[in-house]
Amino acid sequence: MQNYSLQSEAASIVLVGSFNPAIFHPEWLLRHGLISEDDNNGAKVEIVHSQLSKFSLEWLFIDVMHEKLIARTNDSSYFSPMRDLMSSALKILEHTPIGQMGMNLDLSYKINEEEIWHRIGDNLVPKKYWAVLPARVGMKVVTVESPRPDALKGYIQVKVTPIKHDFTGVHFNVNNHIELLYVEDGNEVKLNSTDVLAGNWERLLKYSKEICEETLKKAMEK
């Protein structure tokens, strides 16, 4: 019997560069054909300012600062539409300098037995190394980082956090960090952000989920 179940999925696209927050508004997306009239009518705008723009649609959250743009959806059925919207936006913003990109996945799992939940923490953070402390320690967050296994420059960072609120479980955050602007062999390399996003999104989300699933299974073993 499987001792865990997936409770929630979210994905985000993070761009690091130089942005003008004031232009980002649902009506800007509508004007460029990136969202529908229904999306625009249902949009909730928190703030649109020269320093910060923050708004949401029913399926998408957008935060824009001078140095960072974050697009996020909590509905897996919109993972591909978010990629398409952001790919189109990047084409419109082709002259906007963007140096880094993150393609990120968040998964929360419910663990059916508390004993197994404790075992996950014990395996990821062996308690024998912390015996000097006066009481049994508990895992709060584990962060690991690995070089990328593909041709892209950057790294993969994975965070695992315990959950004990609505249910007992664990939360995984996988950050696929990619350098779009770097120097190699004395030459400046500049990757096209639209191509990187459109060409790697599905593959990296699938790989991120494999990381979570395999790590969870291993951490549950006796």
Side-chain angles (χ1 to χ4, degrees), residues 8-21 23-24 29 32 34 52-54 56 59-108 141-161 171-216:
S8 66
E9 299 180 74
S12 62
I13 298 166
V14 180
L15 304 170
V16 178
S18 180
F19 301 97
N20 177 9
I23 72 168
F24 289 91
L29 298 178
H32 288 282
L34 304 183
L52 171 67
S53 180
K54 189 180 182 71
S56 63
W59 58 276
L60 181 69
F61 300 86
I62 298 285
D63 288 83
V64 187
M65 295 152 278
H66 280 302
E67 73 286 353
K68 186 179 291 186
L69 186 156
I70 303 170
R72 178 184 177 89
T73 182
N74 297 330
D75 187 334
S76 60
S77 67
Y78 284 101
F79 286 0
S80 294
M82 180 174 68
R83 173 207 57 199
D84 294 342
L85 183 151
M86 290 304 299
S87 295
S88 298
L90 288 172
K91 289 179 182 178
I92 297 167
L93 302 169
E94 60 179 331
H95 298 299
T96 298
I98 300 173
Q100 298 172 327
M101 177 184 294
M103 292 187 241
N104 309 320
L105 182 68
D106 287 271
L107 301 179
S108 292
V141 61
V142 171
T143 303
V144 298
E145 191 171 292
S146 168
R148 300 203 56 78
D150 50 28
L152 297 168
K153 299 291 183 182
Y155 56 81
I156 298 172
Q157 188 181 87
V158 184
K159 292 183 180 180
V160 187
T161 309
H171 177 82
F172 283 83
N173 169 264
V174 183
N175 172 17
N176 273 282
H177 177 87
I178 297 165
E179 297 289 336
L180 300 175
L181 184 63
Y182 56 91
V183 176
E184 187 171 64
D185 298 328
N187 298 312
E188 186 178 270
V189 178
K190 184 178 181 180
L191 301 182
N192 182 285
S193 57
T194 304
D195 293 342
V196 172
L197 177 58
N200 294 279
W201 178 250
E202 298 290 348
R203 176 181 68 85
L204 291 182
L205 285 189
K206 180 180 179 182
Y207 180 50
S208 296
K209 192 165 187 176
E210 289 175 2
I211 291 172
C212 299
E213 294 277 343
E214 291 305 312
T215 301
L216 181 60

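- The environment of Y78 atom OH is sparse: at most 12 non-hydrogen atoms of other residues, nucleotides or ligands sit within 6.0 angstrom.
- A donor atom on one side chain and an acceptor atom on the other are found under 3.5 Å apart for S80 and E202.
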Could you walk me through whether F172 and L105 pass side chain to side chain contact (heavy atoms under 4.5 Å, CB included), step by step?
CA-CA 8 Å; F172 283 83; L105 182 68; over 6 Å; no
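- Interatomic distance, T161 OG1 to D106 CG, rounded to the nearest 0.5 Å: 9.5 Å.
- Formation of a donor-acceptor pair under 3.5 Å by the S53 side chain with backbone atoms of F24 is found in this model.
- Shown here are the side-chain contact (heavy atoms from CB on, under 4.5 Å) partners of P97, two or more places apart in sequence or in another chain: S18.
- Residue pairs meeting the salt bridge (charged side-chain N to carboxylate O under 4.0 Å, His left out) criterion with at least one partner in residues 175-195, sequence neighbours excluded, are K153-E184.
- Within the 4.5 Å cutoff, the side chain of I178 has no heavy atoms near those of the N200 side chain.
- Using a 30° and 60° split on the angle between ring planes, Y155 and H177 fall in the parallel class, below 30°.
- Using a 4.5 Å heavy-atom threshold, the side chains of S88 and H32 count as separate.
- No hydrogens or angles considered: a donor-acceptor pair under 3.5 Å links the side chains of N176 and S208.
- Using a 4.5 Å heavy-atom cutoff, the side chains of F61 and I70 are not in contact.
- Residues D75 and T73 bring no donor and acceptor atom of their side chains to less than 3.5 Å of each other.
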